[in-house]
Amino acid sequence: MALRQLEKTYEPKQVEERWYRFWIDQGYFRASTDRSETPYTIVIPPPNITGSLHVGHALNNSLQDILIRWRRMQGRNTLWMPGTDHAGIATQNVVERQLMSEGSTREALGRDAFIKRVWDWKAQSGGTIIQQLKRLGASCDWDRLRFTMDEGLSKAVREVFVRLHEEGLIYRGERLINWCPRCLTALSDIEVEHEDQPGKLYHIRYPLADDPATFLVVATTRPETLLGDTAVAVHPEDPRHAALIGKSVRLPLTGREIPIVGDSILVDREFGTGAVKITPAHDFNDFEAGERHRLPRLTILDHQARLDPVGLRAALVDREIIEAVELLRVNQARPKIEQKLQERGLLVKVEAHKMALGKCYRCKTVVEPYLSPQWFVKIKPLAEPAIKAVEDGRVRLIPEAWTNNYLGWMRDIKDWCISRQIWWGHQIPAWYCRSCNVDAILETAHEGMATTEAQALPKASRKRITILSNAAPLVSRTAPTRCPACGGNDFFQDPDVLDTWFSSALWPFSTLGWPEQTPELKTFYPTSTLVTGLDILFFWVARMIMMGLKFTGEVPFRDVYIHALVRDAEGQKMSKSKGNVIDPLSVMDRYGTDALRFTLASMASPGRDIKLAEERIEGYRNFANKIWNAARFILMHLDGPRDPVPLKERSFADRWIMSRLNHTIGAVNTSLEQYRFDQAASQLYQFIWHEYCDWYLELAKPSLQDKESSEANRTRRTLLESFETLLRLLHPFMPFISEEIWQTVPHEGDSIVTQPYPSPTPDRESKDAEASFATLEQFVTTVRTGRALLNYQPGKKITLYGAAVREDHFASLQQLRPSIEHLSRGTVHLTAIETWPTDKVLRLVTEGISTGLAVEGEVDFESLLQKIQKQHKDNQQETKRLEGKLGNVEFTSKAPPEVIQEHRDRVRTLQQESRLLDSSERQLRTMMPAKD
RNA sequence: GGGCGGAUAGCUCAGUCGGGAGGGAGAGCGCUGCCCUUACAAGGCAGAGGUCACAGGUUCGAUCCCUGUUCCGCCUACCA
């Protein structure tokens, strides 16, 4: 039969497209609820619909695909559930930018039209990343593609919200929250990134009310907020200030007097001057201190973090100051305040001070603590079971090192602010009866405005609605029709939407149809493994565990594999502004998808960031090409009978490679069980290149070239068996090339995708063949070293001599003589060293195996001599070291006998080698042309 | 401030815990030399290159176990 021949180099591009289409057409990635096999489920970390594939996605999804393809081939009923995330703030930003370029705004469009516009955008551009995942070879069940804003998932969101509210685990209240003055929305604590920055510490004099010549000096990094101070705190046990408690100070730049309070929580006596200003409306600590001392809260910043004239007037700020700073952003107002304090002689000093500034994780704008009514999840009762699940191992974090990190965070968790003042997202299922909440619903300039700010606005400028914290919401799965209190039917839905992570937290079960008890949910939940990056451990993983336990009573997944961050070759974070981004799409174009996947897998060592350099990818592109050429070779030699013969009756080389293959199969499976993608990849690489190609294919050549021999039949048989198995072993890592080649070699079945994954079997083992191989390799390598030393052409046939210290090694050499002669390109005489010619032979030795090479032609005796002398010297040093140990009574009396015996054996071998090197050296000298 | 991780060849990293043993130090890439030998120059063969961060301790023996130090990352935190 004539087999298809392959091109000389592997061309990934058309191969990839062709097979991916085939796999989809055949429906190989479809999961079923009717199958009886053990399910294996992964839910994808849903990428953001505004996103496009970056190298982090490529890593994340390559690893998931490796797991999924591996389990699928093992016969599991696998489901890889794909989907995307609606990314509230990010997506709204994208569409708003689009509107802006058209000279419009979302306000001009109105809420409903805007949301429609986002859906239109999604229909057009939101599928990009899905297409890119397909290019990566991701074997997701695409028929089940989900989106967090789908009707089903939205229903799950409402269900969860209502139930949590019913249990008192969701509440609404006016709190200080993190506010992004650019996105104009609240953020949760973890959406704020902290970064150390150089700042200044201002020391400011606050004159005592009853003794204006005396000052209390406070230290602050934010002097402009003093306008909203409502107290000054000192430590009650601080002898410098304790007596002042109960008195008042005149607040600089204002007409107010504020009290001095004693507070041991807020004040650190060691820091600054030991006196702290309290601004309850603009600082988290001060907010709490304000609650402790029942202080008023004065809001002086507006929603854009500008000094708000209304608030400033309410805070009795001097007219002159108001005029100087009104509507300035904090960073612009600060120098003005500094200047005014200076002018009035109230500024003692300004010193450099590093401080951690909070920034919006989406837009990097400095966030402001902002007082406003928001929705919160009371998180402690949800966190407790989620802590327990990890503590008792129902959820495993891999690498384990992250467990403590997780537990620490969960034990110290704070209530979660879930309302966002944007339009794109799940609108909160809470309604307000207009007649019952007449005083609590205010028309304001914008949503989410602080209470005082909203109340202070003139009616005319109120465009939208703010719902004060005393409003009474009706939380319900559907819009209410009748107010239970007054019977009215005029309702107003809360305009806020939920944090995107609120819906993501439900992902493992909402995608499977929850709250319905669907067959999917019954079959595939709890899921098996979650593969994710460390950066969303708290954002997402922790919340999924909490919600999963709460609403299904079970953990959402058993294993959480946390992979590293991908950095550039210098270890820098990749970012568009630095221009050091490696674009996976371009990499796939140039090197092939398999090369990219294999690179990422091989570098996924636990607990270490990945420094990705393009040369690595190129290296694995070469690996793909190596496999390709091995396939070409095999296809060239497969013609002819290849009947099954028991392994025992096959050649040494056949038994050896099958034994090594078996070892590799075991190692790859074990590595995958442990999520050691790096180990699995290097085992495959090592075996395929350095055992299969370098040695086995070379060993197989003689018999393959003699087509008529019975040996050829057995070799062809082994060649096919081993290679076909190898392709299956490789497939999860390099799906495309493995399919392409597999389809060209004789096989059963329609696609490698659904073939069984190799598992180790004892009958492939052959310890004796492995031992013989070690001897052969030693001999052949030594001969090659000698050839290089003698400058012989690779093809030159030479006369060789061989001997071994150990009987069994010598026996192996005799038995494998044809192979040895083939690989050494020479005629080998296996006899005792004493019988070797005493002239014109270069003698070399390693590990007790001696080789002699006939010396002909021009030879660089000097370098030969150096080589021999160096080895001789190393040899003697090692002998001395070992003899020293063996002469030490401490060692011989306490070390285990095996170790002592091993040392003795090594000394003996070294001594024999030494004798050979001696004679070799002497001979060389006789061969050397006389000097002078 | 707290917690965690890392330091092994020029570069990137395995190896140490537990089936790679506490006893002779590995890989990939790069580098050097030779070779276009009919699977592969995206290749073959050979080679050079390491006080396993530093200082102590345990041990007959430490890259590995223990303690401390230095440097580098990351996470986390209300030091105004």
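In what follows, chains carry the letters A, B, and so on, assigned in the order in which the sequence lines appear, proteins first and then strands, with residues in each chain numbered from 1. This structure is a prediction, so every number in the text was calculated from the model and none was measured.
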* **Student check: side-chain heavy atoms of A/R825 and A/H822 closer than 4.5 Å** =>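 In short, these two side chains touch, coming nearer than 4.5 Å.
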* Are A/I562 and A/I398 close enough that some pair of their side-chain heavy atoms sits under 4.5 Å apart? ->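 The answer is no, as the side chains (C-beta and beyond) never meet within the 4.5 Å cut-off.
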N or O in side chain of [X] less than 4.0 angstrom from [N] OP1/OP2:
X      : N      : result
A/H353 : B/rC79 : no
A/Y685 : B/rC29 : yes
A/K611 : B/rC13 : yes
A/R787 : B/rA46 : no
A/R676 : B/rG15 : yes
A/W689 : B/rG44 : yes
A/T781 : B/rC45 : no
A/K796 : B/rU37 : no
A/R616 : B/rC29 : no

Checking contacts here: which listed nucleotide ([options]) is nearest the side-chain heavy atoms of [X]?
X      : options                : answer
A/K626 : B/rG44, B/rA80, B/rA77 : B/rG44
A/D694 : B/rA42, B/rG24, B/rG44 : B/rG44
A/C693 : B/rA42, B/rA39, B/rG23 : B/rA39
A/K8   : B/rC60, B/rA41, B/rG24 : B/rA41
A/N629 : B/rA39, B/rA80, B/rC75 : B/rA39
A/E11  : B/rA39, B/rA42, B/rA80 : B/rA42
A/E847 : B/rG43, B/rA39, B/rG24 : B/rG24
A/F538 : B/rA39, B/rC75, B/rG23 : B/rC75
A/E890 : B/rA46, B/rG23, B/rC60 : B/rC60
A/A788 : B/rG24, B/rA46, B/rA39 : B/rA46

Suppose we call two aromatic rings close when their centres sit under 6.0 Å apart. Are [X] and [Y] close by that rule?
X      : Y      : answer
A/H903 : A/F891 : yes
A/F539 : A/Y361 : yes
A/Y685 : A/W689 : yes
A/F271 : A/H353 : yes

Could you give the distance separating [M] and [N] at their [atom1] atoms, to the nearest angstrom?
N      : M      : atom1 : result
B/rU67 : B/rU59 : C1'   : 16 Å
B/rC17 : B/rG56 : C1'   : 23 Å
B/rU16 : B/rC29 : P     : 23 Å
B/rA9  : B/rU70 : C1'   : 23 Å
B/rA39 : B/rU32 : C1'   : 27 Å
B/rG30 : B/rC72 : P     : 31 Å

Counting the atoms with a prime plus P, OP1 and OP2 as sugar-phosphate, which does [X] contact under 4.0 Å by heavy atoms, base, sugar-phosphate, or nothing?
X      : answer
A/I265 : nothing
A/H663 : nothing
A/D268 : base
A/E898 : nothing
A/F284 : nothing
A/E698 : base
A/G592 : nothing

* Asked: With Watson-Crick and G-U wobble geometry limited to distances under 3.5 Å, how should the secondary structure of RNA chain B be encoded in dot-bracket form, using | for bases paired to another strand and [ ] for crossing pairs?
  -> (((((((..((((.........[..)))).(((((.......))))).....(((((..]....))))))))))))....
* Asked: Would you say the base of B/rA46 and the side-chain of A/R784 have a donor-acceptor pair closer than 3.5 Å?
  ->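 Answer is no: no donor-acceptor pair is held.
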* **Distance-only side-chain donor-acceptor flag, A/N625 / A/T9, under 3.5 Å** =>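 No, A/T9 and A/N625 have no side-chain donor paired with an acceptor closer than 3.5 Å.
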* For A/E847 and A/T909, test the side chains for any donor-to-acceptor distance below 3.5 angstrom and give the result as yes or no. =>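 Note: A/E847 and A/T909 side chains miss the donor-acceptor criterion.
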* Asked: Looking only at atom types and distance, does a side-chain atom of A/R597 sit under 3.5 Å from a main-chain N or O of A/F733, one as donor and one as acceptor?
  ->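 Pair found, side chain donor or acceptor close to backbone of A/F733.
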* To do: Could you tell me whether the side chain of A/N629 and the main chain of A/R632 form a donor-acceptor pair under 3.5 Å?
  =>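 No; judged by distance alone, with no hydrogens or angles, the pair does not exist.
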* To do: Could you check how far NZ of A/K894 sits from P of B/rG23, rounded to whole Å?
  =>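 Value for this atom pair: 19 Å.
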